[in-house]
Amino acid sequence: QELLVESGGESVQAGDSLRLSCAISESAYSNRHVGWFRQAPGQEREGVAAIYTGGGTTSVADSVKGRFTVSRDNAKNTVFLQMNSLKPEDTGMYYCAAAELPFTRIGLWSRASAYKYWGQGTQVTVSS
């Protein structure tokens with residue numbers, strides 16, 4: 001019933017690593033952008049990274065560049081977010097989202113309103 005399901009979030013210490021997974025139904029996976037967003041209590045939902053499932057090109061937010069990597073496994077209809085050197089400010093609910101089509105405008109990947117399908121999130125908590 002759910003088109004996107006996130007997993008992998010947990011409570012960790014600063015400096016640790018986590019890999020989040022987003023399992024996506026076939027109908028919402030191929031040849032489109034899939035994004036990762038996060039949201040802390042009282043804050044706006046923030047675009048973290050995105051990948052085009054058709055060719056594998058990626059975008060990463062400046063706030064996590066060099067620490068986070070987004071990738072995909074097309075055979076499993078799954079998108080991953082590898083998070084290294086985690087910081088307390090990385091704490092939040094992480095969501096996976098799928099668009100209907102590949103984006104054609106630079107920067108669109110980071111706008112939550114550009115995505116059609118959303119998972120229910122997985123919590124990441126980073127303690128100092």
Side-chain angles (χ1 to χ4, degrees):
Q1 318 80 24
E2 294 176 308
L3 295 180
L4 293 85
V5 179
E6 304 94 336
S7 63
E10 60 181 88
S11 183
V12 298
Q13 297 291 315
D16 286 351
S17 297
L18 282 174
R19 189 181 75 159
L20 306 183
S21 298
C22 178
I24 306 172
S25 296
E26 182 179 355
S27 63
Y29 182 84
S30 299
N31 301 314
R32 69 191 70 206
H33 279 85
V34 174
W36 284 98
F37 290 76
R38 66 186 182 188
Q39 187 169 24
Q43 299 185 359
E44 286 190 320
R45 190 164 297 188
E46 173 190 20
V48 176
I51 188 167
Y52 173 50
T53 59
T57 55
T58 62
S59 299
V60 182
D62 289 341
S63 60
V64 302
K65 193 168 296 182
R67 299 187 296 119
F68 289 14
T69 303
V70 62
S71 61
R72 95 284 200 210
D73 185 342
N74 286 349
K76 297 182 177 181
N77 293 339
T78 301
V79 171
F80 305 98
L81 183 67
Q82 178 67 45
M83 306 185 295
N84 298 326
S85 302
L86 284 163
K87 304 174 180 179
E89 51 261 46
D90 295 319
T91 293
M93 184 71 73
Y94 282 70
Y95 299 90
C96 182
E100 284 195 282
L101 297 169
F103 297 143
T104 57
R105 292 198 297 158
I106 295 174
L108 195 59
W109 70 269
S110 65
R111 305 179 77 93
S113 61
Y115 295 84
K116 183 173 182 177
Y117 310 108
W118 290 82
Q120 294 188 350
T122 184
Q123 178 68 36
V124 173
T125 301
V126 185
S127 300
S128 61

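Side chains are part of it too, since the values below use all heavy atoms of this structure and drop only hydrogens, waters and symmetry mates.
The distance from the CE atom of M83 to the OH atom of Y94 is 5.0 Å, given to the nearest 0.5 Å. Between the OG atom of S27 and the OH atom of Y117 there is a distance of 6.5 Å, given to the nearest 0.5 Å. Taken to the nearest 0.5 Å, the OG1 atom of T69 stands 8.0 Å off from the CG atom of L81. With rounding to the nearest 0.5 Å, the separation of SG in C22 from CZ in R72 is 14.5 Å.
Among residue pairs with one or both ends in residues 99-111, those qualifying as side-chain hydrogen bond (donor to acceptor under 3.5 Å, both in side chains) are E100-K116; sequence neighbours excluded. Within the structure, salt bridge (Lys or Arg N to Asp or Glu O under 4.0 Å) pairs that include any residue of residues 7-23 do not occur (at least two apart or interchain).
Looking at every heavy atom in both residues, C96 comes nearest to V34 through SG-CG1, 3.5 Å. Between N74 and T53, the shortest heavy-atom distance links the atoms ND2-O, 3.3 Å. Contact record, S128 with P88: CB-CG, 3.9 Å, taken as the closest heavy-atom pair. Between S11 and S127, the shortest heavy-atom contact is OG-OG, 4.5 Å. When all heavy atoms are compared, the tightest approach of S17 to Q82 is CB-NE2, 4.0 Å. For the residue pair A98 and A28, the shortest heavy atom distance occurs at CB-O, 3.4 Å.
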Note to self: One pair to check against side-chain contact (heavy atoms from CB on, under 4.5 Å): L101 and R32. What are the steps and the verdict?
What the structure shows: CA-CA 5 Å; L101 297 169; R32 69 191 70 206; 5.8 Å; no
Checklist line | V79 vs I24, side-chain contact (heavy atoms from CB on, under 4.5 Å): CA-CA, chis, key distance, verdict | finding: CA-CA 8 Å; V79 171; I24 306 172; 4.2 Å; yes
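A continuous path of Ile, Leu, Val, Met, Phe, Trp and Tyr side chains, each step under 4.5 Å between heavy atoms, connects W36 with V12, placing both in one hydrophobic cluster. The hydrophobic cluster containing I51 does not contain Y95, counting ILVMFWY residues as joined when their side-chain heavy atoms lie under 4.5 angstrom apart, directly or transitively. A single hydrophobic cluster is not seen to contain both F68 and M93; linkage of ILVMFWY side chains at heavy-atom distances under 4.5 Å, directly or through other members, places them apart. Under a hydrophobic-cluster definition in which Ile, Leu, Val, Met, Phe, Trp and Tyr are linked whenever side-chain heavy atoms come within less than 4.5 Å, directly or via other members, V60 and F80 are assigned to different clusters.
The number of heavy-atom neighbours closer than 6.0 Å to CD of Q120, taken from other residues, nucleotides and ligands shown, is 12 or below.
Within the 4.5 Å cutoff, the side chain of L20 has heavy atoms near those of the V124 side chain. A heavy-atom distance below 4.5 Å is found between the side chains of S63 and E46. A 4.5 Å side-chain heavy-atom check between F37 and E44 finds every atom pair outside the cut-off. Looking at heavy atoms from C-beta onward, R38 lies in side-chain contact with V64 at the 4.5 angstrom threshold.
Ring pair F103/Y115 is perpendicular by interplanar angle, where above 60° counts as perpendicular and below 30° as parallel.
T91 contributes no side-chain N or O that, together with a main-chain N or O of T125, makes up a donor-acceptor pair within less than 3.5 Å. E6 places no side-chain N or O within 3.5 Å of a backbone atom of T122 that could act as its donor or acceptor partner.
Checked against ring pair (Phe, Tyr, Trp, His ring centres under 6.0 Å), Y52 has the following partners two or more places apart in sequence or in another chain: H33.
Side-chain contact annotation: T78 with D73, donor-acceptor N/O pair under 3.5 Å absent.
The pair D62-K65 meets the salt-bridge criterion, since a charged nitrogen lies less than 4.0 angstrom from a carboxylate oxygen.
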